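Working notes, structure below.
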Amino acid sequence: MRFDRMIADEVRIEPRDWMPEGYRRTLIRQIAQHAHSEIIGMQPEGNWITRAPSLRRKAILMAKVQDEAGHGLYLYSAAETLGVDREELLDLLHQGKQKYSSIFNYPTLTWADMGAIGWLVDGAAIMNQVPLCRCSYGPYGRAMVRICKEESFHQRQGFEILHTLSHGTPAQKAMAQDAVDRFWWPSLMMFGPPDSASTHSAQSTAWGIKRFGNDELRQRFVDMTVPQADVLGLRIPDPDLRWDEATGHYAFGAIDWDELDRIIRGDGPCNAQRMERRRTAHEEGAWVRDSADAYARKHAAAATTTSDAA
Ligand code: FAQ
């Protein structure tokens, strides 16, 4: 079959190519979840815009949060090439029928959390998303190229916040350590359940959507991050973490999968608050969408009149 041959030859599938219904559904599910994560992911950081410690930090944080909105936009646009409407996907999110990443259900308690999110959350996002630039579906892969460039910048700014704090006063260093203590394990959970419990990995890998399993990417993230923690002078909160000469990787402690399950089911520290804020923002933004529609209709009508006249 042509589709299978294209996948085997690493030829990109484009919107007008025939594709199996399961492939289309899997992509819509993953791209939509990813897009929802970007826009819900604006909330934990948005919480600190008014309280950033300097004008420079505020400007950087605002730009980062705007970038997340932009990522949502590229991703919803990529999903639309599969025949779904952005409005439809947002409805599914608001009805609790589609997911977003577990990580955004944790509170941001101090300024240092902006550093931990940049360093760890964006760091995990990059590790997971760089392989998605090679996703077999063209529009998703291309959107990921731009997103990953911006995420790298985000990760550097988080690292720099933590570096500044950890080389500041003892109280600032303690605040940085506390943020890393709270965000370390949830960041490892971002990669999803272990491969043995992953429902989609095998099929998504066969279709060239995922390029690596959840466990392999998680391990790569740990291997990349531990030496960076040394540079920061911060401790990874895992007593079992050690370099394993035999495997050439860091061995790490057991992840609390019950916690991930609970959060995915909606029972995390901030699930209710995040969803409530999202629904309210959507309702409050209705006038903007209506105005944009009216503007587009007016211009379409004017274009028709002009072309009739010509
Ligand atoms: N949270 O069979 P698998 C960001 C669900 S980065 C919630 O392994 P799959 C940037 C999974 O959907 C975060 N749910 O699933 C940023 C499935 O449920 P379903 C977003 C999770 O799809 C930074 C079930 O568990 N990044 O936003 C999670 O093959 C800072 C079974 O799992 C992406 O979305 C979880 N952690 O692999 C923004 C990347 N893990 O759908 C703001 C693209 C698993 O059957 C600030 N996505 N589930 O109901 C992916 O790479 C994949 O979808 C995985 C999951 C790896 C997340």
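One-based numbering, in listed order, for ligands and for the atoms of each. If you're wondering where the values come from, they're calculated on a predicted model, not measured in any experiment.
No close placement of the Phe104 and His36 rings is indicated, their centers lying 6.0 Å or farther apart.
Ionic pairing of Asp215 and Arg218 is present here: one or more N-O contacts between side-chain nitrogen and carboxylate oxygen are shorter than 4.0 angstrom. A salt bridge does not link Glu151 with Arg146: none of the charged nitrogens is closer than 4.0 Å to a carboxylate oxygen. Classification of Lys97 and Asp91 as a salt-bridged pair fails, no side-chain N sitting under 4.0 Å from a carboxylate O. Using a cut-off of 4.0 Å between Lys/Arg side-chain N and Asp/Glu carboxylate O, Asp122 and Arg156 are scored as not salt-bridged.
Taking a heavy-atom cut-off of under 4.0 Å, ligand 1 is surrounded by Arg29, Gln30, Gln33, His34, Ser37, Glu38, Gly41, Glu45, Lys64, Glu68, Lys99, Tyr100, Ser101, Ser102, Phe104, Val121, Asp122, Ala125, Asn128, Gln129, Leu132, Tyr140, Glu151, Met189, Met190, Phe191, Gly192, Pro193, Ser198, Thr199, His200, Lys210, Asn214, Ile264.
The aromatic rings of Trp243 and Tyr250 stand perpendicular to each other, their planes meeting at an angle above 60°, with 30° marking the opposite boundary.
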